[in-house]
Amino acid sequence: MGDERDPQTYAILGACYAVHGAKGCGFHELVYHECLAIEFEFLGIPYVHEQPFSLEYRERPLQAKYHGDFVCYEDVLLELKAVDKLIDKHVAQTINYLKASRLRRGLLINFGAPSLEFKRFVLKSV
């Protein structure tokens, strides 16, 4: 289910499995956002929903902002999807979001498949 050597991502994945087990696939992504927030509260997992991050180009701030689906434990980015299957575009998006947020650890979660899908990311440098 997760890597027990990383108890934070293991706990987050446990919450995701609980939500997917209760709701299954087929709902809009925002339903899973709301359910996951409730599950995080129930489990005592600290989180911020839709945390804004500033973007830069050539060391200049951009007006465009990125809002992370969730940031848990102040340093684990969570990107949620509700699609048939994760594709390379979702992976690239999550990596870019990790770089933009300057966070090292991230989880890409897909609630849209019959079985919960996830990919774990650890960037060596940000």
Under a 4.5 Å cut-off applied to non-hydrogen side-chain atoms, are Glu79 and Leu98 in contact?
no
With clusters defined by side-chain heavy atoms of hydrophobic residues (ILVMFWY) lying less than 4.5 Å apart, directly or transitively, does Ile45 cluster with Ile38?
no
Nearest-0.5 Å distance, OH of residue Tyr97 to CG of residue Leu78
13.0 Å
Evaluate the side-chain proximity of Leu123 to Leu103: yes if any heavy-atom separation is below 4.5 Å, no if none is.
no
Applying the 4.5 Å side-chain criterion to the ILVMFWY set and letting contacts propagate, would Val122 and Leu108 be lumped into a single cluster?
no
Atom pair NZ (Lys99) and OG1 (Thr94), whose distance is rounded to the nearest 0.5 Å:
12.0 Å
Do Leu107 and Leu77 come within less than 4.5 Å of each other through their side chains, counting heavy atoms only?
no
Tyr32 side chain to Phe27 main-chain N or O, any donor-acceptor pair under 3.5 Å?
yes
Under the salt bridge (charged side-chain N to carboxylate O under 4.0 Å, His left out) definition, can you give me all pairs with a residue in residues 33-59, not counting sequence neighbours?
Glu56-Arg102
If you look only at pairs with a residue in residues 67-78, which of them pass as a side chain to side chain donor-acceptor pair (under 3.5 Å), with sequence neighbours excluded?
Asp75-Arg105
Rounded to the nearest 0.5 Å, how far does SG of Cys35 lie from NZ of Lys23?
5.0 Å
Is any side-chain heavy atom of Val83 closer than 4.5 Å to a side-chain heavy atom of His90?
yes
How long is the gap from CD1 on Ile95 to NZ on Lys119, to the nearest 0.5 Å?
10.0 Å
Taking the six-membered ring for Trp, is the centroid-to-centroid distance between His33 and Phe70 below 6.0 Å?
yes
Does atom CG of Asn96 have more than 12 heavy-atom neighbours, drawn from other residues, nucleotides or ligands, at distances under 6.0 Å?
yes
Which atom pair, heavy atoms only, marks the closest approach of Ala100 to Leu55?
CB-CD2, 3.3 Å
Let me check something: do Phe53 and Leu62 share a hydrophobic cluster, defined by ILVMFWY side-chain heavy atoms less than 4.5 Å apart, either directly or through other members?
yes
For the residue pair Leu86 and Lys81, establish whether any side-chain heavy-atom pair is separated by less than 4.5 Å.
yes
When clusters are formed by joining ILVMFWY residues with side-chain heavy atoms under 4.5 Å apart, either directly or through shared neighbours, do Tyr66 and Tyr57 land in the same one?
yes
Is any side-chain heavy atom of Phe111 less than 4.5 Å from a side-chain heavy atom of Cys25?
no
Below 4.5 Å, heavy atoms only, C-beta onward: do Val71 and Tyr47 meet side chain to side chain?
no
Linking I/L/V/M/F/W/Y whenever their side-chain heavy atoms sit closer than 4.5 Å, directly or via other members, would Leu116 and Phe42 fall into one cluster?
yes
How many angstroms lie between OG in Ser101 and CD in Gln51, if you round to the nearest 0.5 Å?
8.5 Å
Can you find a heavy atom in the side chain of Leu36 that is under 4.5 Å from one in the side chain of Cys16?
yes
Determine whether more than 12 heavy atoms belonging to other residues, nucleotides or ligands lie under 6.0 Å from atom NZ of Lys65.
yes
Does His49 use its side chain to pair, donor to acceptor, with the backbone of Gly68 at less than 3.5 Å?
no
